Structure formats: structure tokens, C-alpha cells
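Written below as C-alpha cells is the structure these notes are about.
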Amino acid sequence: PYWLSEKVVERSLKPLEERRAVYRFAVPHSLAGGTARIRVRLLVRSLAPRALRTLGLGELAASIPVVEIDAGDSGPLPVLDFVPRRTEYSVPGDFAGIQEAIDALADGDSVIAGPGDHAVRRPVDFRGKRITLRSSDGPEKTALRYAGDVPEAQRGSVVVFRSGEGPGTIIEGFTLQGGRGTSAGGVRRGGGIYIAGSSPTVTGNILTENGAAGGFGGGICCEGGRPVLRGNEVRSCWADRGGGIALRANGDAAPRLGANSIQGNLAREGGGIFVEARGGARIERCVVAGNIALEEGGGIYGCDGAFLELDHLTVVHNRAETSCGALRGDRSKTAAVSSSIFWFNDPWSDAAGFSFCIADETDEASAMDKASALDKAPAASSTRRSAFPIFLDPTGCWLPAANRELPDEARPASWRDPMQWIGGDYHVLPGSPAIDGGDPRAPADPDDTRSDAGALWFEQRLKAFTRGDMDGGGQVGWADLLLLARHLKSLDALPCADAADVDDSGTVDPVDLLRLAAYLLS
């Protein structure tokens, strides 16, 4: 009897108590690919049958009533042949730190970092893995920042890609701050991000107050590979070459920079971007503003056989102490510059090959004077215009910033205190010559109008159109059929894609050509 027990262990549920239990059971393999239903009942007896059997009264067990307390039905459940492996993990949560998560996970996995500061004591290294590292709340709320107790001399890059990572390796949505670059051969490279022989995707990040004193790429340094840098802000960074970004020794590889904002950076050569690459680089839809070079190339500097393919840039308020405030190109090669805006850069720039570009009168006059002094005519183009682009806010200035970190070796001698760039808003206003001023052969802007000059397109009001009237002449004729045929053959740009979509299917294809021909013949 229980009253003779030395100890009573009570496992019964107390009033209103909830308790979880796990039950495992085998599912027949014949159900794989089908569905099953699970019904659960909570049954209670006032006395356990085993107790009656212990007392020799087992025949009474059947007479004890069974009470159903609760029941539940799962409904149809799919029966899987296997359970897919989990691929998304959180920090904090599944892992305490970002590097710990990268080390433990495999190709194809994702790491989602929560808001706040994720302290960095050594560079975050992807170790060749095809992993996506993304923040849940964006760069304004999520930072990879060097811990304050890590001395300046012991800091490396914030993030490194040096194990052959490809485009499937992604970092997105962080503020990267406090890096001082990876030392290679005694030279620091990539204060914020160092990329060596790899082709990762770097998108939607803010890189600020990173430096590579005496080295390359205060914000980002790329050496080899075909990385994609898109939608990033690089600001208040410094280096000897490439205060914002340095692209060097890439051979036949061509890094792509698109839709980045590169502002307020400082270097000896290439305050914004420094390019030292035999294969060159393509830079498009970028704002390059307020960068300073202590020697040449305030905005962009190209050397050592670099071929610069520059398309739809806004290059403003950049300064160089000796020459080429906006753009310094290699004299042995020609920089191809298209559909861009150059405004208020000091002094002039000597790059050639401008087409469908806008330059302010100050730059143009300065260029003429300098060219005469050098007995070298400036690059001329009938599509280069001298005009004020009418920015929403054309201002931009350097102001003292006592809280900005800037080592003495990176500070211009003329500055007594660290400075911070305060930029304007370089979207254009109605009436700007940049609107519809880009290369007509370039793809149309998202509002389906001719490409605008500059990095930031102006959204125009929707214009009425007639299906089939490709040239906008007001009538549908054989000239429109010819335009459509040329587009389908060589993908020539169309003035109005909606007008070319004759059957309103959402795409322009040979069916539209047949429909238009049938209409004209009838």
C-alpha cells in the first residue's frame, strides 16, 4: 500500500497545467507520397488496471469506466519519403556569431543576422563556401563593426573573400565599419572588404570609416576575379590609392560596379575609385561625389593600361590637388564615357571618348585652358553638351567632424581637423537637359522613355501611345514595321515598347511583326 512507501513520485497533471510529450511511431512506407490523419485522445481512469492486477483483482479492470478528457484530429498530413534539409539559420538564435555559422554551414545555406552590432575581432571569412549572409533589418540597423578594444594595428578587413568564392556567395544589408585592411606583402588592402581571386556578390551594404593607410581600397579592394558590387554606399573611407574602391591586377577579369554611391572618400590617387587592371572595369549607374585625391583623379583614376567603360554616371564635386578632379584616364588607352553628368569638379579631366554627356561650363572652360597649356586638344564630341544639369540639391561641402576616425597619415596637410563630406541630392528636376539626354541606343528607362544622362533617372509622366506607332509620328505605317523588324533582328532600342507590343501580350516578339504587317496589308 502507498502508505507504507518511503517515497511517492507524483507525475499527474495539476489543475490547468499543460505538458508536452513526444511520441514516435513507424509510418508504413506504402503511404509515401500520400496523406495520413492522426487522431489523439486523452483518456483517464480513476484507477490504473495494473494496480488491480498487482492486487490480484485484474478481472475488475474492465469494469472501471474510461473518461475522454480531450481529443484532436490533425486533418490530412502529407507523408514524405524524406524530410528536406534545413537551409536557413539565424544569428543570434541558431548560432551565437556569424563566423561560427559560416564555419558550420554548407553550400546553399543562408545566414540571417538580426539587428544590432555584430562585433568583429578578426575578418569574417567565407572560406570558399556558397553561402548567403543577409541582415533581417537592413544596413541602417545591422552592423559588422570592429570591437572597440581591438587596437588599430591589429585590425584587418571587416570581410574577406579569398578562397575562390563565386557569385553565389553573397553579403547583403550590413554596415561595415572600423576595418583597416588585410596586410599582403606589407601593404594593406580593402579596409572594409578584401576580394582576392574571387567573384562574390556584394550588394546593399554601407561601408564607412574603413581605411587602408598606405595601401589600396579604403572601402573595397578587388584583386582578380569578377565580383559584382551593386547598390552599396562607400563613404568616409581612405587609402593611398582608391579611397572608396580599388580594382587592381584583374587580368582578363572585369569587375562590375552598378548603382553604387561613392562619396566623401580620400586617397593620394583615385579619391573615389582607383583602377589598375589590364582588363579594365565597367562602372555604371554610380554617383561619385565629394571625393578628394591629394594628387590625381579626385573621382576616378585609371592607370597601367586600364580601360574604363563608364556608363550613366553622376560625377560631381570631386577634387584633386594636382590634376583631374573628375576623371584621370590612362593616356595609352581611351576611356569610353557615355550618358554621364560631370559637374563642379576641380580641376579639369583629360579622359577622352565622351558621348551623350553633360559637363558644366566651368569644367569645359578649364579643360580648354589646360589643353592649350599642354598643347593637346580636349576630346571633342558632338554629343557632349555644356549645361547645368538642374539637380534637386546641387550642394556639397566638407565640414569639420570631431567624431570621425582619420589617422594622421591619411589626413591632408591642409586639414587641421578630420573632415566629413555632406552631399546634396543629385536627382534632376523637370527641365533638366539630362532628361532624355542619354545615348538613344541605350535601353529605355523604367518609365519607358529614352535613357536619361546621369546615374539617377527622372520618372516622366506616362505618355499616350498608339499600338503599332513605333516612331511616335501619329500614324501607323510601313516605317513603323521597318523599325520593329530592325529591333527584332538586332535588338535596336525602341522609342516606345508599348507601341511595339501590337497584340498587348506583354512582350515584343515576331507575332507583333506579323500582326502589324497583316494590319497594313488589310
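For clarity, every value in this text was computed on a predicted model and none was experimentally measured.
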Under 4.0 Å between a Lys/Arg side-chain N and an Asp/Glu carboxylate O for [X] and [Y]?
| X | Y | result |
| --- | --- | --- |
| R467 | D512 | no |
| D125 | R162 | yes |
| R130 | E165 | no |

So, do [X] and [Y] sit near enough that their side-chain heavy atoms are less than 4.5 Å apart?
| X | Y | answer |
| --- | --- | --- |
| R256 | R226 | no |
| I220 | C222 | yes |
| F161 | I193 | yes |

(request) Without swapping roles, check the side chain of N291 against the backbone of N265 for a donor-acceptor pair under 3.5 Å. (result) yes
(request) Mark yes or no for whether T201, through its side chain, and P167, through its backbone, hold a donor-acceptor pair below 3.5 Å. (result) yes
(request) For the pair F174 and H118, name the ring-plane relationship: parallel under 30°, tilted 30 to 60°, perpendicular over 60°. (result) perpendicular
(message) Using the ring pair (Phe, Tyr, Trp, His ring centres under 6.0 Å) criterion, which residues pair with F391? Sequence neighbours excluded.
(response) W343, Y426
Quick check on [X]: does its [atom1] atom have over 12 non-hydrogen neighbours (other residues, nucleotides or ligands) under 6.0 Å away?
| X | atom1 | value |
| --- | --- | --- |
| K129 | NZ | yes |
| R19 | CZ | yes |
| R515 | CZ | no |

Please determine, by modelled atom types, if [X] and [Y] share a side-chain donor-acceptor pair under 3.5 angstrom.
| X | Y | answer |
| --- | --- | --- |
| D452 | H312 | no |
| S261 | Q263 | yes |
| Q460 | D448 | no |

(message) Here's a test for you: under side chain to side chain contact (heavy atoms under 4.5 Å, CB included), which of D109, D107, I102 qualifies with L105?
(response) D109
(message) Can you see whether F216 has R248 sitting over its ring - NZ or CZ less than 6.0 Å from the centre and within 45° of the normal?
(response) yes
